[in-house]
Amino acid sequence: MWDFITTMMPFALAATAPMLVVALGGLFSERSGIINIGLEGLMVIGAFTTSFFVSQAFAGNMSTVWLGILLGGVAGCLVSLLHAYASISLKANQVISGTAINLLAPALTLFLAQTFTGGQNVRIPTGVPRYDIPYLSKIPILGPLFFTRVFTTTLIAFAIVAITWYLVFKTAFGLRLRACGEHPQAADSMGINVYRMRYIGVLASGFLSGLGGAILLVTASLEANGEVAGLGFLALAALIFGKWNPVGVMFASFFFGFMRTLGSLATINPTLLQWNLPVELYNALPYLMTLIALMLFSRNASGPRAAGEAYDKGKR
């Protein structure tokens, strides 16, 4: 059993990383008062941008891959401007706007892939490598679990958790952001530009969602095909399950990532095969556990009070 856990844990952490980064992006948006259910579509945009750039520019240098990951985040940020403009400036329904992003992204990326590459799937020649972290990988028990065969992107994801926690809860920027999501009229009366803070929140969610899609591409699929297996929606579930707190979101993302890894390894791992459970059960496990977790914990989960409400400066 120990061998099974140590084998599975690096894959679980790798599955957690993109979901975690995207969920943190959703946190910035909803803390500002804007619901962004377009995280899935923004992930697709990020994955496509990274795959197209790396497939065209890669010449054996890993710096190309890292630049492609960054460009994936930038692309997600730019596309999220559509959601920000519709939701904040035009005061459109935020759910409908986010749904439009989810519908637009796969169609747009498949069209661009067909136009520029002649096919709908864009593959990259290599992803980011795994490696053992010096010294830490030698720690008994913890080393084999958390510091062996780790992607650099996984470490980046957990670093973003710390940065997000500090920004949201320990800085004046974070206080203003949370104020805009809780009581925008009161924030406005204190001289805070609610529109600007909400734009920043949505753009941050776009950047992190695009980054999450890029991380998924370079660590797992190595191919952009217009979909990300519902990870954007799982990230939304992790955001709710984690109660809009970066640390809670981290543990919720790991839970869903672990369940997803369990389903992925069901057909190849001897330990899981000997249980003789239907493969379909393992495939449905991440989404089944998501529903169960939300039913058990979402009742007491209360998000930002003004999330989903358009702000009109003229009203009090």
Side-chain angles (χ1 to χ4, degrees), residues 1-25 27 62-63 65-66 69-70 73 126-171 208 211-222 231 234-235 237-239 241-275 282 285-286 289-290 293 297:
M1 180 58 73
W2 175 249
D3 290 339
F4 167 64
I5 294 174
T6 55
T7 300
M8 181 178 176
M9 189 59 69
F11 292 101
L13 291 175
T16 298
M19 194 188 318
L20 174 58
V21 172
V22 175
L24 292 173
L27 184 147
M62 281 301 299
S63 62
V65 177
W66 289 110
I69 293 172
L70 180 61
T126 185
V128 294
R130 295 175 181 265
Y131 67 97
D132 296 345
I133 300 177
Y135 304 111
L136 294 180
S137 61
K138 304 299 181 182
I139 299 175
I141 300 179
L142 295 179
L145 289 177
F146 299 106
F147 304 113
T148 301
R149 292 184 56 75
V150 178
F151 286 115
T152 307
T153 48
T154 302
L155 301 179
I156 292 173
F158 287 105
I160 293 174
V161 174
I163 295 170
T164 300
W165 177 85
Y166 181 79
L167 283 175
V168 172
F169 293 110
K170 295 297 179 180
T171 66
L208 290 177
L211 192 67
I215 290 174
L216 176 66
L217 173 81
V218 300
T219 58
S221 61
L222 300 183
L231 278 186
L234 283 179
L239 178 62
F241 190 22
K243 299 184 177 180
W244 293 268
N245 183 290
V247 177
V249 168
M250 177 181 68
F251 286 111
S253 298
F254 176 74
F255 172 74
F256 294 136
F258 186 88
M259 290 296 107
R260 192 166 182 267
T261 303
L262 197 64
S264 300
L265 295 180
T267 57
I268 60 175
N269 187 272
T271 303
L272 295 177
L273 286 173
Q274 69 183 6
W275 293 351
Y282 286 111
L285 193 58
M289 294 306 297
T290 300
F297 297 100

I'd like to know whether CZ of Phe251 has more than 12 heavy-atom contacts from other residues, nucleotides or ligands below 6.0 angstrom. no
Could you grab the distance from atom CZ of Arg130 to atom CZ of Phe11, nearest 0.5 Å is fine? 5.0 Å
Below 3.5 Å, can you tabulate the donor-acceptor pairs from side chains in residues 131-138 to any protein atom, sequence neighbours excluded?
{"from": "Asp132", "atom 1": "OD1", "to": "Arg149", "atom 2": "N", "distance (Å)": "2.8"}
{"from": "Ser137", "atom 1": "OG", "to": "Ile133", "atom 2": "O", "distance (Å)": "2.9"}

How close do Gly257 and Ala15 get, counting heavy atoms only, and between which atoms? O-CB, 3.8 Å
Intermediate values then yes/no, side-chain contact (heavy atoms from CB on, under 4.5 Å), Val22 and Leu231: CA-CA 9 Å; Val22 175; Leu231 278 186; over 6 Å; no
Scanning both residues in full, the closest heavy-atom pair of Trp66 with Val128 reads CZ2-CG1, 3.9 Å
Checking side chain to side chain contact (heavy atoms under 4.5 Å, CB included) between Pro18 and each of Ile215, Leu234, Leu211, which is the one that passes? Ile215
Is there side-chain contact between Met62 and Thr126, with at least one heavy-atom pair below 4.5 Å? yes
So, using side-chain contact (heavy atoms from CB on, under 4.5 Å) as the criterion, who are the partners of Phe258 when residues are at least two apart? Met8, Ala12, Phe254
Using 0.5 Å steps for rounding, measure from the CE atom of Met259 to the OG1 atom of Thr16. 10.5 Å
For Ala220, which residues count as a side-chain contact (heavy atoms from CB on, under 4.5 Å) partner, sequence neighbours excluded? Leu216
Side-chain heavy-atom pair Pro246, Leu24 within 4.5 angstrom cut-off: yes
Look at the aromatic rings of Phe256 and Phe241 and report parallel, tilted or perpendicular, splitting at 30° and 60°. tilted
Between Phe151 and Val218, is any pair of side-chain heavy atoms under 4.5 Å apart? no
Contact summary for Gly242 and Ala252, nearest pair of heavy atoms: N-CB, 4.0 Å
What donor-acceptor contacts under 3.5 angstrom involve side-chain atoms of residues 152-167, with partners at least two apart or in another chain?
{"from": "Thr164", "atom 1": "OG1", "to": "Ile160", "atom 2": "O", "distance (Å)": "2.7"}

